[in-house]
There are 2 protein chains.
Amino acid sequence: MNRVRIVVVDDHALFRRGLISLLEEMPEFHVVGEAANGQEALTVIERARPDIILLDINMPVLDGLQTLAAIRKKDSAQKVLMLTISQNDDDLIGAIVAGANGYVLKNAEPEMLKNTILQVYSGNSVLSPEVTARVLQAVRRSQNDRNRGLLSEREIEVLKCLARGQTTAQIASVLFISENTVKTHIRHILEKMEVNNRAEAVAKAAQMDLL
Amino acid sequence: MNRVRIVVVDDHALFRRGLISLLEEMPEFHVVGEAANGQEALTVIERARPDIILLDINMPVLDGLQTLAAIRKKDSAQKVLMLTISQNDDDLIGAIVAGANGYVLKNAEPEMLKNTILQVYSGNSVLSPEVTARVLQAVRRSQNDRNRGLLSEREIEVLKCLARGQTTAQIASVLFISENTVKTHIRHILEKMEVNNRAEAVAKAAQMDLL
DNA sequence: TGTAAGGGTGATGAAGAAATCACCCGCTTT
DNA sequence: AAAGCGGGTGATTTCTTCATCACCCTTACA
C-alpha cells in the first residue's frame, strides 16, 4: 500500500515538528508539507496535493475553521482531520458544519492518532471520545428543536391530556374549550405528527419526549 | 481497579455467548447478567445493577431503542452502549436521541470493543468510525435547518445581492422595490444574524452556506 | 335504532411575521 | 454645502398561524 500523503498545519512550531517526526517514523505515512497558518496552508496544499490534512484550529492570520471552509470550497472531497486542544463547542460544531472528516484532541496517543488517520484515509470519520459526547448532545438538541415548533403550545396541552387517556369531552372541560375545538386540535396534531389516530400520536409523543 | 460490571442484551444466543466469553477473558470486565430481549433486560438490569449495558437494537418483544428509552426513564445516568449490526440512520440517530452513550458495530475488533467499553465507563461517548460520518452529516443537516427559516426568502435575495457587492440603490432596482425597503430588509438581516454591518452579514452568510 | 366516540371539513377572529415604504441621522467625498 | 451611502426608527398592508367553534360522517354497541 502506498504511504498516506499528509500535510501538517499548526502554528506551534515545536508541536508541528514533533508531530511530523512521529508520523515519519510510521511506515504508513509520509509528510509532504507543513504550514504555520491557514494562509500558508492553502498554498502548500495546492502544491503538495496531500491525501489528508491535519489542521489546527487556533492559528493566526487565518484560523482553522476559515481554512477548512476555503479548502472545502476548492475540493469537496479533500480529507481534513482537525487536530486541536480546543474542546470548545463552537469550534467543535463549527468544524463539523464546515465539513471536517474528524476532530481529535492533541493529547491523543500516537497509536490512536495513527488509527484515526487511517480511518479518515479510508473514508470514515472519527471523533475523540472526549468530544463525542458533546456531538451527541448537539444531535439531541437539534432533534428536540425539530420537535419544538412542530406543535403549538395548546396542541401540546391537548396531547398531554390525550396521553392521560382522557376523552374529547373530558379534555374540553379541563381546558375550558368546546369539544369541537379539542377535535380540531387533535386533527392538527395528527396531521403534524404524520400519524393516523390518537393512540399513535401519544406513542410517538412519548418517544419524542414531549410530554 | 474494580472490574466493570456488564449486562449483555442480544437475542442472538450464539453471539451473546461468544461476546460474554470474550469479555470474561478480559480482566477488566465482569458480565453480571444477560438477556435475549428488552423485556428480560429490564428485569435483569433491575437486579444486576451493571455499570454498563451492551444493547442490541434488532430484538423481538421490546426492541433496543424502546428498551433504551425505558432504561433512561428510570436512571438517566445509566451507561448504555449500543452494539448492533444496523447502520440504518433511523436506528443510529434514534439511539443517540434516546440517550445512548455509544454506538458501535458488531464487527468491531475485540481490542477496539474493550477500549470503547472503558471509554464509556469513564464517562465518554464513542461511535464506530463507520457511523461517525453519518452522525456528522446529521449535525450539518440540523445546523442548516436552523439557518433555514431564520431569514425570509426575500431577505435571502437581498443578502445574495449584498454578497455580489451591490449598493442599496442597485439592489432596489434589481428587485423592483424602493431603496427604503432594501434598507429595511438589510436591517432585519443584521438583527437576525446578530451582526453589525453588511460586510459581516455576508461573511457569516458565506460561512453558513446560504448563498 | 339511537347514542357516544373517533375522525374529517369549513370558517372566523386575533396575533404575529413578512414585505413594503417614508423619513431621519451621520459620515465621507466632492 | 450638496450628494451618496450605510445605518436607525416608525408605520402600513398582506399573509400565515393559532385557537376557537359549528357541522357532518362512520363505527360500535347497548
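Values below: every heavy atom of this structure, side chains too, minus hydrogens, waters and symmetry copies. Keep in mind it's a predicted model, so treat the numbers as computed, not measured. To find a chain, count down the sequence lines: A is the first, B the second, and so on, and within it residues start at 1.
Applying the 4.0 Å criterion to OP1 and OP2 of C:dC21, one finds that B:T181 has a side-chain N or O inside that range. The phosphate of C:dC21 has OP1 or OP2 within less than 4.0 Å of a side-chain N or O from B:S178. Within the 4.0 Å cut-off from OP1 or OP2 of C:dA17, not a single side-chain nitrogen or oxygen of B:K192 is found.
Surrounding NE2 of A:H12 are at most 12 heavy atoms belonging to other residues, nucleotides or ligands under 6.0 Å away. At most 12 heavy atoms of other shown residues, nucleotides or ligands fall within 6.0 angstrom of atom CD1 in A:I85.
Of the listed nucleotides (D:dC18, D:dG7, D:dC21), D:dC21 has the atom at the smallest distance from the side chain of A:N180. When each of C:dA22, D:dA19, C:dA19 is scored by its nearest atom to the side-chain atoms of A:S152, the top-ranked nucleotide is D:dA19. Nearest nucleotide to the side chain of B:H185, out of D:dT20, C:dG7, C:dA19: C:dA19.
By the 4.0 Å N-to-carboxylate-O rule, A:R16 lies too far from A:D11 to be salt-bridged with it. The pair B:K160-B:E157 does not meet the salt-bridge criterion, since no charged nitrogen lies less than 4.0 angstrom from a carboxylate oxygen. With respect to A:E34 and A:R17, a salt bridge is recorded, a charged nitrogen being found less than 4.0 Å from a carboxylate O.
The interatomic distance linking A:Q170 (CD) with C:dA4 (C1') rounds to 13 Å, in whole Å. Remark: C1' of D:dG8 and CD1 of B:I189 are 15 Å apart, rounded to the nearest angstrom. Rounded to a whole Å, the CD1 atom of A:I177 is 5 Å from the P atom of D:dT20. Remark: P of D:dC18 and CD of A:E157 are 14 Å apart, rounded to the nearest angstrom. The interatomic distance linking A:L151 (CG) with D:dC18 (P) rounds to 9 Å, in whole Å. Residue A:N197 contributes atom CG, which lies 14 Å from atom C1' of C:dG8 at whole-angstrom precision. Rounding to whole angstrom units, CD of residue A:E191 and P of C:dT9 are separated by 8 Å. The CG atom of A:L190 sits 6 Å away from the P atom of C:dG8 (whole-angstrom rounding).
Every salt bridge (charged side-chain N to carboxylate O under 4.0 Å, His left out) that A:E46 has, sequence neighbours left out, goes to A:R49, A:K74. Residues that satisfy the salt bridge (charged side-chain N to carboxylate O under 4.0 Å, His left out) test with A:D75, not counting sequence neighbours, are absent from this structure.
For the helix from C:dT1-D:dA30 to C:dT30-D:dA1, the rotation axes defined at the first and last 5 base pairs enclose an angle of 0°, given to the nearest 10°.
Counting only residues at least two apart or in different chains, side chain to side chain donor-acceptor pair (under 3.5 Å) contacts with residues 81-97 of chain A comprise A:S86-A:D91, A:D89-A:R134.
Put simply, the side chain of A:S128 never gets that close to the backbone of A:V131: no donor and acceptor are under 3.5 Å apart.
Sequence order on DNA chain C of the closest nucleotides to A:N196 and B:F176 puts A:N196 first from the 5' end.
At a cut-off of 3.5 Å, with distance as the only test, no side-chain donor of B:E130 or A:N124 sits close to an acceptor on the other residue. Looking only at atom types and distance, the side chain of B:T181 has a donor-acceptor partner in the side chain of B:S178 under 3.5 Å away.
Annotation: cation-pi pair A:K114/A:F29 absent, no NZ/CZ under 6.0 Å from the ring centroid and within 45° of its normal.
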What N/O pairs connect the protein and nucleotides 1-5 of chain D at under 3.5 Å? Give each pair on its own line.
none

Pairs: protein N or O with nucleotides 10-15 of chain D N or O, under 3.5 Å:
| unit_1 | atom_1 | unit_2 | atom_2 | d |
| --- | --- | --- | --- | --- |
| D:dG10 | O6 | B:R187 | NH2 | 3.1 |

